Amino acid sequence: MIGAAPNPWIQTASGRAFDLLDPRPEAVDLTIDVPEALARLPRFTGHIRSGPYSVAQHCVLGADALYAQTTRRDVALAFLLHDAHEAYLGDVATPIAAALAQTCDQLRPSFAPGLIVRAAQRLLKQRIDTAIYAAVGAPYPLPDETARLVAIMDLRMLAAERAQLLGRAPEPWAAAVEAAQPAQLKGAIKPWPWPKAADAWRARLALYAPKPIERAA
């Protein structure tokens with residue numbers, strides 16, 4: 001439509017315009033945008049006294065733990081990528097808020113008002129995940145068993161991170177977290193500087209991905 005506003009988009013570190021409502025594999029940069037954004041994005045909203053613990057480090061440690069458990073590169077890759085959409089949706093900036101609003105309008109007839117935002121967030125993540133997996137050359141949606149293994153390891157990583165990085169909880173967490181067995185990791189969790197976290201994420205992508213990842217131009 002002439003004069004219509006474009007889809008919400010963000011400018012990435014590599015200089016791309018990433019469309020949040022119509023993400024394309026060719027707009028996904030796996031050597032700069034995704035690893036470096038994840039490496040600068042803190043888990044637990046930054047509430048780690050020892051320093052920012054990044055989403056990238058979480059994904060690397062969990063992917064390695066899951067590979068040690070299963071010896072399956074595809075499962076390790078799935079964990080490495082399970083939060084990759086946060087490189088684009090991690091901060092509710094203006095374009096992301098606009099994308100959520102438009103997605104809510106699309107879903108409104110099918111969902112009750114209390115569920116509309118959560119459904120919209122899920123749909124945005126699925127669209128971006130589809131583009132990311134296509135860029136990697138891996139199938140998506142994930143097979144049920146792979147998705148189950150990733151979900152379990154994510155919970156176990158959360159239990160390990162809570163115990164090692166957050167200390168004593170002032171109130172009980174969700175029952176699933178309280179019951180989870182912490183992931184078995186090599187050594188204690190110590191937050192990495194963001195360049196190290198980004199390099200580690202890139203290295204695991206090269207290790208676990210089904211095809212070589214070309215460096216960004």
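Note that this is a predicted model, so its numbers are computed, not measured.
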Side-chain donor or acceptor of N7 paired with backbone N/O of L21 under 3.5 Å: no
L89 side chain reached by Q121 side chain, heavy atoms, under 4.5 Å: no
Any residue meeting side-chain hydrogen bond (donor to acceptor under 3.5 Å, both in side chains) with Q164, in chain and number order, not counting sequence neighbours: none
Q184 CD: over 12 foreign heavy atoms closer than 6.0 Å: no
Gap separating the OG atom of S54 from the CG atom of L38, nearest 0.5 angstrom: 8.0 Å
Heavy-atom pair with the smallest gap, counting every atom of A183 and A160: N-CB, 3.9 Å
Summary of ring pair (Phe, Tyr, Trp, His ring centres under 6.0 Å) pairs that have at least one residue in residues 167-200, sequence neighbours excluded: none
Rounded distance (nearest 0.5 Å) linking atom CD1 of I128 with atom CG of L20: 5.5 Å
Qualifying residues under ring pair (Phe, Tyr, Trp, His ring centres under 6.0 Å), relative to H82, sequence neighbours excluded: H58, F79
Within one Ile-Leu-Val-Met-Phe-Trp-Tyr cluster: V34 and W9, side-chain cutoff 4.5 Å: no
Identified side-chain contact (heavy atoms from CB on, under 4.5 Å) counterpart of C59 within the set D83, L81, L205: D83
Residues which pass ring pair (Phe, Tyr, Trp, His ring centres under 6.0 Å) with F44, listed by chain and number, not counting sequence neighbours: none
Stepwise side chain to side chain contact (heavy atoms under 4.5 Å, CB included) test for L30 and W201: CA-CA 10 Å; L30 295 159; W201 195 96; 4.1 Å; yes
All pairs passing ring pair (Phe, Tyr, Trp, His ring centres under 6.0 Å) where residues 143-167 contributes a residue, at least two apart: none
OH-CG distance between Y53 and L165, expressed to the nearest 0.5 angstrom: 6.5 Å
Partners passing side-chain hydrogen bond (donor to acceptor under 3.5 Å, both in side chains) against R127 (at least two apart in sequence or in another chain): Q106
Nearest non-hydrogen partners of L155 and A176, listed with the distance: CD2-O, 3.6 Å
D199/K196 salt bridge by N-O under 4.0 Å criterion: no
Contact list for residues 13-40, test ring pair (Phe, Tyr, Trp, His ring centres under 6.0 Å), sequence neighbours left out: F18-Y88
For E145, side-chain hydrogen bond (donor to acceptor under 3.5 Å, both in side chains) partners two or more places apart: R148
Set of residues satisfying side-chain hydrogen bond (donor to acceptor under 3.5 Å, both in side chains) with respect to T103, sequence neighbours excluded: none
Side-chain touch P23/V28, heavy atoms, less than 4.5 angstrom: no
T146 side, atom OG1; L66 side, atom CG - distance, nearest 0.5 Å: 9.0 Å
Heavy-atom check, side chain of Y67 versus side chain of L207, under 4.5 Å: no
I152-V177 co-clustered via ILVMFWY side chain contacts under 4.5 Å: no
Non-hydrogen atoms of A27 and A17 that approach each other most closely: CB-O, 4.4 Å
Residue pairs involving residues 156-174 (criterion salt bridge (Lys or Arg N to Asp or Glu O under 4.0 Å); sequence neighbours excluded): R43-E161, R162-E178
Residue pair P42 / P52: nearest heavy atoms and the distance that separates them: CB-CB, 4.4 Å
Residue pairs involving residues 55-79 (criterion salt bridge (Lys or Arg N to Asp or Glu O under 4.0 Å); sequence neighbours excluded): D64-R204, R72-D74
Pair D33-R16, side chain to side chain contact (heavy atoms under 4.5 Å, CB included): steps then yes or no: CA-CA 9 Å; D33 293 341; R16 288 165 168 78; 3.9 Å; yes
Donor + acceptor pair across side chains of D29, S14 (<3.5 Å): no
Least distance between heavy atoms, A76 atom then A63 atom: O-CB, 3.4 Å
Minimum heavy-atom distance between L185 and L61, given as atom pair plus value: CD2-O, 4.0 Å
Residues forming a side chain to side chain contact (heavy atoms under 4.5 Å, CB included) with Q126, sequence neighbours excluded: R122, L123, Y140
